[in-house]
Amino acid sequence: MSQQPTAKTASTETSVTPRATDYAQWYLDVIKRADLAEHSSVRGCMVIKPHGYAIWEKMQRELDDRFKATGHVNAYFPLFIPLSLLAKEEQHAAGFAKECAVVTHHRLKSIDGKVVVDPESKLEEPLVIRPTSETIIWDTYKGWIQSYRDLPLLINQWANVVRWEMRTRLFLRTAEFLWQEGHTAHATEKEALEETYRILDVYADFAENVAAVPVIKGHKTSGERFAGALDTLCIEGMMQDGKALQMGTSHYLGQNFAKSSDVMFLNKDGQREYVYATSWGVSTRLVGALIMTHSDDNGLVLPPKLAPIHVVIVPIFKNDAEKAKVLEEAGKVVAELKAQGLAVKLDDREGMMPGAKYYEWEAKGVPVRIEIGPKDLEKGSLCVVRRFVLEVPGETEQDQRKRKKSFVPRNEAIAGIKPLLDTMQRELLERARAFRTKRSAVINTLAEFESYFANKDAGFAWVHWAGTHEQEDEMAKRFETTVRCIPLPDQIPAEAKGTGTCILTGQPSQQRVIMARAY
RNA sequence: CGGGGCGUAGCGCAGCUUGGCUAGCGCGCUUGGUUCGGGACCAAGAGGUCGCGGGUUCAAAUCCCGCCGCCCCGACCA
């Protein structure tokens, strides 16, 4: 689907830089044209605009329902973490030390008409703005857990966190971001491990069946593991440029935090034991994943299940008489679609050409557009236009545009919207899967590896790996690639199964891992 | 923190090299009219501490010094 850029320059209001020209610029253009977010005046922080936030709200709803269905409840913990608390778990503190915002004062003062920090108001103990909440939560759990009857404790919170990143990108990495973080306590290692995997499945289910983004479930290597965790599980997606994106993580924390916060419980045998913990999260980064998986050179493409608006209706008329009739019919169509539980928008703005409206709603990713004009009233039909169709090789832009559009008898059209949305939802996942398959390769030697990643069409390399942390760094330096994950056994395609030898060291390897460039 | 770039109307920019009329252009915005099945047109308008602070000069968006902010590339990361 390589659309021609219009004669107008990219990054004006009216066009998007084609992906083939500059993928990074395309990404920014899509966000701008779809009106999802913008840079704020605060370094590294973004403003999520209503349309972008609406997508996040849909994600929240879907995820929250799944968390509740697996027995979790929501709560809220403070934004501030006393420095001494953060420092309790050594590895954890070390992992986040370089990216913490710290509050040191609690008052401002006006001096010579200038507002400054009052030096008199220095805090006795600095407060760290949470980069994640393990420490404050485990400090709190200490008071909640006494016996095995208090377990498991299954709590989630929706919150913002701050990580003072050096380089930021809208949605993918910002200094402040929104996320959910689950923190659970269990009586046994087995239960905690089960929880870690259960949540991973929830994430994968959400990614594939709601966001229509195929993911691979796996373990992180020790180098990429969450600071303080014994094991980090993740879901990894592939973006349209072949790069990997970590879309969610689920950590098995063992007894690390229980020990550092001294959280013990009395088991059935009357013995005191440290509890076992998990934590897990997904963030607004998912919006970035959505953009980079489905969208095209016309702007945003959304899976219907996450589209804030399912159907936009554009009325067409030449004079007041036509306008009255068309709007009357449009009103009826809106009502009938809403009665089906669909989110419908009637775009009755005046003084705007219909074509301009089409482009705008396409850029915003609305899955279906219905055009209603005098001719439709005559024929008793509706013009139904899909946001995308699956590509046919060699097809011209004109032909594809025709294929997106159909004229359908009115009632049939209205009844057909839901099935159409289901079809589109399914097609997006299929298309993304096919893309990932095309851009994945089983690779056996370093030479092969090198030539694979020298190619622009590189993606996921399935390789045997038995290297150390340092050797991973070496691969990163040479090829800009990292081990994205050590896939779970059932995630490995047939052609990549089996044992072998490490592509770097030649040492025996039990299974293949995924190496790729990553965001 | 290192390298690069940029700050002029809501957005995108020109002007700066070589100081000089009232600081311009495109988009957007407002009003009126004609349009309306893939990005309309005409006319009339509104909108500016030229990032901030000093300095040089008769005169600074333009030259000099200092500061601030943002973006891009690298080291850190969801």
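Residue numbers start from 1 in every chain, and the chains themselves are labelled A, B, ... in the order their sequence lines are given, proteins ahead of strands.
Nearer to the 5' terminus of RNA chain B, by closest-nucleotide assignment, is the contact made by T168(A) (compared with the other of R225(A) and T168(A)). Taking the nucleotide of RNA chain B with the nearest heavy atom to each of H39(A) and Y358(A), the more 5' of the two is matched to Y358(A).
The six-membered or imidazole ring of W280(A) lies near that of F67(A), with a centre-to-centre distance under 6.0 Å.
With respect to the salt-bridge test (charged N to carboxylate O, under 4.0 angstrom), the residues K332(A) and E336(A) do not qualify. One finds no salt bridge joining R33(A) and E362(A) here, because no Lys/Arg side-chain nitrogen approaches an Asp/Glu carboxylate oxygen to under 4.0 Å. A salt bridge does not link D347(A) to R369(A): none of the charged side-chain nitrogens sits closer than 4.0 Å to a carboxylate oxygen.
One P atom belongs to G48(B), the other to A23(B), and the distance between them is 13 Å to the nearest Å. For G7(B) and U62(B), the P atoms lie 13 Å apart once the distance is rounded to whole Å. U57(B) sits 45 Å from U31(B) when the C1' atoms are compared, rounded to a whole Å. Using P as the reference atom, C52(B) and A46(B) are 24 Å apart when rounded to the nearest Å. Across C41(B) and G2(B), the matching P atoms stand 49 Å from one another, rounded to whole Å. Only the P atoms considered, C63(B) is 16 Å distant from G5(B), to the nearest whole Å. Rounded to a whole angstrom, the distance from the P atom of C64(B) to that of U56(B) is 15 Å. Rounded to whole Å, the separation between the P atoms of C6(B) and G12(B) comes to 15 Å.
By the 6.0 Å and 45° rule, R169(A) does not stack over the aromatic ring of F171(A).
For C50(B), there is no paired base (Watson-Crick or G-U wobble, both distances below 3.5 Å). Shown here, C16(B) forms no base pair; nothing in the strands shown gives a Watson-Crick or G-U wobble contact with both key distances under 3.5 Å. Here A40(B) sits opposite U34(B) as a Watson-Crick or G-U wobble pair (both hydrogen-bonding atom distances under 3.5 Å). Nucleotide C21(B) forms a pair with no other nucleotide shown, judged by Watson-Crick or G-U wobble geometry with both contacts under 3.5 Å. A 3.5 Å limit on both hydrogen-bonding distances identifies no Watson-Crick or G-U partner for A78(B). Across all strands shown, G45(B) is found opposite C29(B) as a Watson-Crick or G-U wobble partner, with both distances under 3.5 Å. Applying the Watson-Crick and G-U wobble criteria (two distances, each under 3.5 Å), C70(B) pairs with G5(B).
Counting to the nearest Å, the C1' atom of C36(B) and the CD1 atom of I372(A) are 16 Å from each other. Distance, D473(A) CG to C76(B) C1': 12 Å, rounded to whole Å. In this entry the distance linking CD of E360(A) with P of G28(B) reads 13 Å, nearest Å. The distance from atom CG of D35(A) to atom P of C11(B) is 14 Å, rounded to the nearest whole Å. Atom CZ in R401(A) sits roughly 10 Å away from atom C1' in G39(B) (whole-Å rounding). The distance between atom CG of N319(A) and atom C1' of U34(B), rounded to the nearest whole Å, is 14 Å. Rounded to an integer number of Å, the gap from CD of Q25(A) to C1' of G12(B) is 12 Å. In this structure, the CG atom of D22(A) is 11 Å from the C1' atom of C72(B), given to the nearest Å.
For K32(A), the side-chain atoms get nearest to C11(B) when compared with the rest of G38(B), C36(B), C11(B). Considering only side-chain atoms of R163(A), the nucleotide from C36(B), A78(B), G38(B) that sits closest is A78(B). Side-chain atoms of K98(A) lie closest to C76(B) of the nucleotides C76(B), A78(B), G39(B). Taking the side chain of P354(A) as heavy atoms from C-beta on, and the options G39(B), C76(B), G37(B), the nearest nucleotide is G37(B). The side chain of Q246(A) lies closest to A78(B), out of G38(B), C36(B), A78(B).
Contacts of E224(A) with the nucleic acid, taken as non-hydrogen atoms under 4.0 Å apart, are absent. Within the nucleic acid shown, L172(A) comes within 4.0 Å of at least one base atom, counting heavy atoms only. Across all strands shown, F177(A) has heavy atoms under 4.0 Å from base atoms, whether or not it also approaches the sugar-phosphate. When heavy atoms are screened at a 4.0 angstrom cut-off, F226(A) is found touching no nucleic acid atom at all. If you check every strand for non-hydrogen atoms under 4.0 Å, S283(A) touches a base. Among the atoms of the strands shown, base atoms are found under 4.0 Å from some heavy atom of D376(A). At the heavy-atom level, R349(A) lies nowhere under 4.0 Å from the strands shown. In this structure, K405(A) reaches the bases: a heavy-atom distance under 4.0 Å links it to at least one base atom across the strands shown. Nucleic acid contact for T232(A): none, since no nucleic acid atom lies under 4.0 Å from a heavy atom of the residue. Residue E165(A) is classed as a base contact, given a heavy-atom separation below 4.0 Å to a base.
Within 3.5 Å, no donor on the side chain of E480(A) pairs with an acceptor on the base of G74(B), nor the reverse.
Heavy-atom neighbours of R403(A) CZ from other residues, nucleotides or ligands within 6.0 Å: above the threshold of 12.
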Verify ring pair (Phe, Tyr, Trp, His ring centres under 6.0 Å) between H92(A) and F257(A), making sure each step is shown before the conclusion. CA-CA 9 Å; H92(A) 181 73; F257(A) 286 89; 5.0 Å; yes

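Among the candidates T278(A), T196(A), T232(A), the single residue satisfying the side-chain hydrogen bond (donor to acceptor under 3.5 Å, both in side chains) test with H251(A) is T232(A).
Taking both residues in full, the closest heavy atoms of A192(A) and Y252(A) are given as CB-CE1, 3.6 Å, listed atom of the first, atom of the second, then distance.
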